[in-house]
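Below is one structure; the comments refer to it alone.
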Protein chains: 2
Amino acid sequence: MNVRSICLAVLFCSDRTGYDIRKISTEGIFSFFIEASYGSIYPALNKLEEEGLVTCRHEALEGKPARKIYSITDDGRAAFASELFLPHRQDIFRSEFLLIAIFSRLVGPDVISSAIHRQIEFSKQELDQISSCGDSDEDTCDGEWSQEMTDLDRQAAQWAQNYGLYCVQASIDYLNEHGGDLIEIARKGHVGFNKSSELQ
Amino acid sequence: MNVRSICLAVLFCSDRTGYDIRKISTEGIFSFFIEASYGSIYPALNKLEEEGLVTCRHEALEGKPARKIYSITDDGRAAFASELFLPHRQDIFRSEFLLIAIFSRLVGPDVISSAIHRQIEFSKQELDQISSCGDSDEDTCDGEWSQEMTDLDRQAAQWAQNYGLYCVQASIDYLNEHGGDLIEIARKGHVGFNKSSELQ
DNA sequence: AGGAGCATGTAAGCTGTTACATGATTTC
DNA sequence: GAAATCATGTAACAGCTTACATGCTCCT
């Protein structure tokens, strides 16, 4: 998964500006694939245009800033599809929280406790984010995607959302049920390296 | 989380070679934080040595290849600890599988079906990997970590493992229970872009 | 004899981020 | 009038991967 693919994926669903793509890839369901910044999206779109996988039309509506709206071409669709047919790679999961958890004894019960709360907060935010993506037409694969099929596409997107929701909820459940145990471990073993003075 | 921190984290637990660190960060619990390759670990260790955060001793046992065993210094411990005290960042989750899921209609039921199986396979592998890390002394925070406390450290590591196990199991459950629905969506909506001929 | 695993390292290059630079419009 | 949001882009740099290069030991 790279910025290229995410651009094609978003454009597969409907025409977009670079700004849109960045927003969708950061806030929408597509944030499960990559989070791209402007610095990578704009150059990627230019390259994609050179290669004929997307086209671009300038739109200068009055009362709006000028924008460049990109559309995917047939070649682009084919290129994207052929990527999807390849066996997919394993999910990537990275957690700073778990690193702190492992070093519970070192950081002590207070730090662990606030880390757990922070982690639960993050998870709840994610829950909100996942449920809300798809609420507005802007965030989903609606738009120009062959009219009669949008309902099934929405169902697929919904399925993916539910998968995300289910996994995040599981993590919250574990944290709520067993967070206390970790704080207890930290309490029993805390032996110094007290950095409270350096906390800010 | 960068390679630097992961080196310090591993060395905090016990003395290691660059080779060890790479293995632990790829296969052990530490793979939840980053997966580093030799090309990043060796230069990182050199830099850390320059900065006095780790020291290195050469060991040339006969009947063994020469190895450079790194140890963390007090400065290194302090540097690592102060990182742990900082508010942690949100977990990162990236899934190619979910991208395919969203485009179910495009790839069709067969591809989705095998993607789901692949995903379940990956998750089971992860389950094995998580349960097995800590079996051998090599993979955990044992070693020189202040003897009388290793039990609590093990408990913290165990807690983190259980967290991982719980989340991965949730994902498998969802896949088993609802995978069929997605295949059904793909079946109903499949409309071409059939790349089976290109699948080889 | 060959393969797997142990062990270290470098160089080229890819990919992406951060920070900057700019400016219009909309909302409070 | 300030702040947020829309909108596009570049340049420097960070960070990591891949591929290469080397060589030893242990097991079968």
Side-chain angles (χ1 to χ4, degrees), chain A residues 1-8 10-11 15-28 30-31 33-51 54 56-70 83 89-90 92 94 96 136 138-139, chain B residues 1-8 10-11 15-28 30-31 33-51 54 56-70 83 89-90 92 94 96 136 138-139:
Chain A
M1 266 321 83
N2 51 20
V3 174
R4 244 178 104 80
S5 308
I6 214 67
C7 289
L8 289 177
V10 172
L11 294 177
D15 293 359
R16 299 289 187 182
T17 65
Y19 186 86
D20 289 335
I21 293 173
R22 190 241 146 205
K23 212 178 172 227
I24 292 169
S25 85
T26 311
E27 296 164 21
F30 285 91
S31 64
F33 316 125
I34 199 171
E35 275 190 40
S37 58
Y38 298 125
S40 53
I41 288 173
Y42 287 118
L45 285 170
N46 283 331
K47 219 187 156 212
L48 249 15
E49 196 186 3
E50 265 177 49
E51 294 171 47
V54 305
C56 168
R57 66 176 191 277
H58 289 258
E59 195 185 70
L61 257 26
E62 38 211 303
K64 289 258 177 189
R67 32 199 250 144
K68 292 168 75 173
I69 300 167
Y70 289 90
E83 266 185 65
R89 274 176 295 177
Q90 200 162 171
I92 290 172
R94 295 289 128 85
E96 285 192 8
S136 82
E138 297 313 307
D139 296 339
Chain B
M1 267 318 83
N2 49 23
V3 174
R4 244 178 103 81
S5 308
I6 213 67
C7 289
L8 290 177
V10 172
L11 294 176
D15 293 359
R16 301 287 186 183
T17 64
Y19 186 86
D20 289 336
I21 293 173
R22 190 241 146 204
K23 212 178 171 226
I24 291 169
S25 84
T26 313
E27 296 163 23
F30 285 92
S31 64
F33 316 125
I34 200 171
E35 275 189 41
S37 57
Y38 297 125
S40 52
I41 288 172
Y42 287 118
L45 285 171
N46 283 329
K47 219 187 155 211
L48 249 14
E49 198 185 2
E50 264 176 50
E51 295 171 47
V54 306
C56 167
R57 66 178 190 276
H58 289 257
E59 196 186 71
L61 257 27
E62 39 211 302
K64 289 257 176 189
R67 41 203 311 247
K68 292 168 77 172
I69 300 167
Y70 289 91
E83 267 186 65
R89 273 176 297 178
Q90 200 162 171
I92 290 171
R94 295 289 128 86
E96 284 193 9
S136 83
E138 297 314 308
D139 295 339

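Letters A, B, ... are given to chains in the order of the sequence lines, protein chains preceding strands, and every chain is numbered from 1. Since this is a predicted model, take the numbers as computed values, not measurements.
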Tabulate protein N/O versus nucleotide N/O from nucleotides 11-14 of chain D, keeping only pairs under 3.5 Å, one per line.
none

With 3.5 Å as the limit, what N/O pairs link the protein to nucleotides 13-15 of chain C?
none

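Of all nucleotides listed (C:dA7, D:dT8, C:dT18), D:dT8 comes nearest to the side chain of A:Tyr42. Distance from the side chain of B:Arg67 is smallest to C:dA7 among C:dT17, D:dT8, C:dA7. The side chain of B:Asp20 has C:dA7 as its nearest neighbour among C:dA7, D:dC16, D:dT8. Taking every side-chain heavy atom of A:Tyr19 into account, D:dA7 is the closest of D:dA7, D:dC16, C:dT8. Of the listed nucleotides (D:dT8, C:dG16, C:dG9), D:dT8 has the atom at the smallest distance from the side chain of A:Tyr38.
The side-chain heavy atoms of B:Ile21 and B:Leu45, taken from C-beta on, include a pair separated by under 4.5 Å.
Minimum interatomic distance between B:Glu51 and B:Arg4 (heavy atoms only, all atoms of both residues): OE2-NH1, 3.0 Å. Smallest separation of non-hydrogen atoms from A:Arg16 and A:Leu11: N-CD2, 3.6 Å.
Every residue two or more places apart in sequence or in another chain that forms a side-chain contact (heavy atoms from CB on, under 4.5 Å) with B:Thr26 is listed here: B:Arg22, B:Glu35. For B:Tyr42, the side-chain contact (heavy atoms from CB on, under 4.5 Å) partners at least two apart in sequence or on another chain are B:Tyr19, B:Tyr38. Evaluation of the side-chain contact (heavy atoms from CB on, under 4.5 Å) rule for B:Ile69 yields B:Asp15, B:Thr17, B:Arg57, B:Glu59, B:Arg67 as partners, not counting sequence neighbours.
Between the CG atom of B:Asn46 and the P atom of C:dA7 there is a distance of 17 Å, given to the nearest Å.
For the pair A:Lys23 and D:dA7, the criterion of a side-chain N or O lying under 4.0 Å from OP1 or OP2 is not met.
Over its full length, the helix from C:dA1-D:dT28 to C:dC28-D:dG1 turns its helical axis through 40°, comparing axes from the five pairs at each end and rounding to 10°.
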